[in-house]
Protein chains: 2
Amino acid sequence: METIAENQRVKTAKKIEKMFGHIDYKNPPELCPVRDVMSVASDQWSTLIILWLGYFETLRFNKLKKYVYGISNKVLSQRLKVLEADGYISRKAFPEVPIRVEYALTEFGQSYVERLLELTEWMQQNSPKVLANREKYGIV
Amino acid sequence: METIAENQRVKTAKKIEKMFGHIDYKNPPELCPVRDVMSVASDQWSTLIILWLGYFETLRFNKLKKYVYGISNKVLSQRLKVLEADGYISRKAFPEVPIRVEYALTEFGQSYVERLLELTEWMQQNSPKVLANREKYGIV
DNA sequence: TCATATGGTTACTTTTTGTAACTTACTCTT
DNA sequence: AAGAGTAAGTTACAAAAAGTAACCATATGA
């Protein structure tokens with residue numbers, strides 16, 4: 001066995017224990033904060049929205065829709081609302097005509113995007129590997 | 001302006017540019033590998049499955065179901081298949097009676113869980129903040 | 001006057017999830 | 001010997017989420 005890899009595995013396990021170790025699986029809580037928060041922030045569209053707001057300091061609704069291509073008005077609007085409610089982004093409406101609305105990351109959102117980026121960079125580096133695995137597996 | 005925070009912001013923006021800068025938004029690709037890979041790996045149930053396999057070296061179907069509480073047989077079975085196809089986990093079936101099936105992280109999955117953990121630890125630390133924001137926002 | 005732009009909303013359809021019962025084959029209990 | 005239990009799923013059906021496309025008010029530019 002490679003002891004370095006094994007060491008890392010043990011470290012990882014300890015972190016996970018710290019995260020979920022308190023849960024009683026005979027009677028699990030109906031709402032776990034980690035799950036709850038994660039399901040909003042790491043939703044597919046949410047991550048793209050947050051990444052783009054990490055690139056541009058502010059973005060208006062239609063610009064955001066252009067960069068997060070494929071998203072519908074409806075879902076974009078919904079996601080922006082929950083991301084605002086959870087404190088990742090801010091919404092500023094200017095009473096002009098036509099109305100101008102600017103979305104931006106909050107400080108909290110900024111701290112999140114930095115963590116998120118580490119994951120997405122890993123995804124980018126490893127996507128060829130995943131795609132190759134998928135091919136090999138057959139069912140695509 | 002705080003120059004340290006501003007510096008960090010610029011760094012973040014550069015990373016995002018590197019990730020998405022090549023895309024032509026007048027004619028965006030219908031399938032972006034980063035999106036594609038991310039949508040499997042950072043799915044709500046998938047992350048929980050991967051975390052638990054990062055804790056126990058191997059887990060059988062029903063144990064996994066116990067820890068990833070709330071998941072249905074159907075969805076667990078589906079997720080395990082795609083996670084196997086994408087190369088994160090391995091499935092070993094022992095021809096006993098009744099059949100025994102062991103799931104485990106591959107080396108690749110192990111390297112993923114380490115990245116994933118950084119995110120989920122952040123989530124755990126910050127979930128009180130998010131929940132407080134949500135409360136303040138009103139619509140729960 | 002008609003088209004365009006803004007930031008959405010609404011009604012409707014399609015896809016994805018969740019629920020719960022069922023399967024196969026063997027063993028343990030009564 | 002009949003019935004229940006176990007393991008790892010599958011299947012048919014119901015509910016929830018997401019996607020589609022038309023629509024809204026208001027004002028400007030052609």
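Here is the naming used below: chain letters follow the sequence lines, and residue numbers restart at 1 for every chain.
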Counting only heavy atoms not in E96(B) (residues, nucleotides, ligands), do more than 12 fall under 6.0 Å from its CD?
yes
Taking D36(B) first and then R134(A), would you say they form a salt bridge - that is, a charged N and a carboxylate O separated by under 4.0 Å?
yes
Look at E57(B) together with R9(A) and state whether they make a salt bridge at an N to O cut-off of under 4.0 Å.
yes
In whole angstrom, give the distance that lies between atom NZ of K65(A) and atom C1' of dA18(D).
15 Å
Let me know the distance between CG of L59(B) and C1' of dA7(D), rounded to the nearest Å.
15 Å
Sub-3.5 Å donor-acceptor pair from the side chain of S46(B) to the main-chain atoms of S42(B), do we have one?
no
Rounded distance (Å) that lies between atom P of dA20(C) and atom CD1 of I71(B)
16 Å
Side-chain N or O of W45(A) versus OP1/OP2 of dA18(D): is the shortest distance under 4.0 Å?
no
Base versus backbone protein contacts along nucleotides 3-11 of chain C [heavy-atom cut-off under 4.0 Å; B, S, -]:
---BBBB-B
Grab the NZ-C1' distance between K66(B) and dA8(D) for me, whole Å please.
17 Å
Rounded distance (Å) that lies between atom P of dT19(C) and atom CG of L76(B)
14 Å
Using whole Å, what does the distance between atom P of nucleotide dA18(D) and atom CZ of R35(B) come to?
15 Å
Can the ring centres of Y67(A) and W45(A) be said to be less than 6.0 Å apart?
no
Take the protein atom CZ of R79(B) and the nucleotide atom P of dA8(D), then report the distance between them rounded to whole Å.
20 Å
Do R91(B) and F61(B) meet the cation-pi criteria used here (NZ or CZ under 6.0 Å from the six-membered ring centre, within 45° of the axis)?
no
What is the distance, to the nearest angstrom, from the CG atom on D43(A) to the P atom on dA16(D)?
19 Å
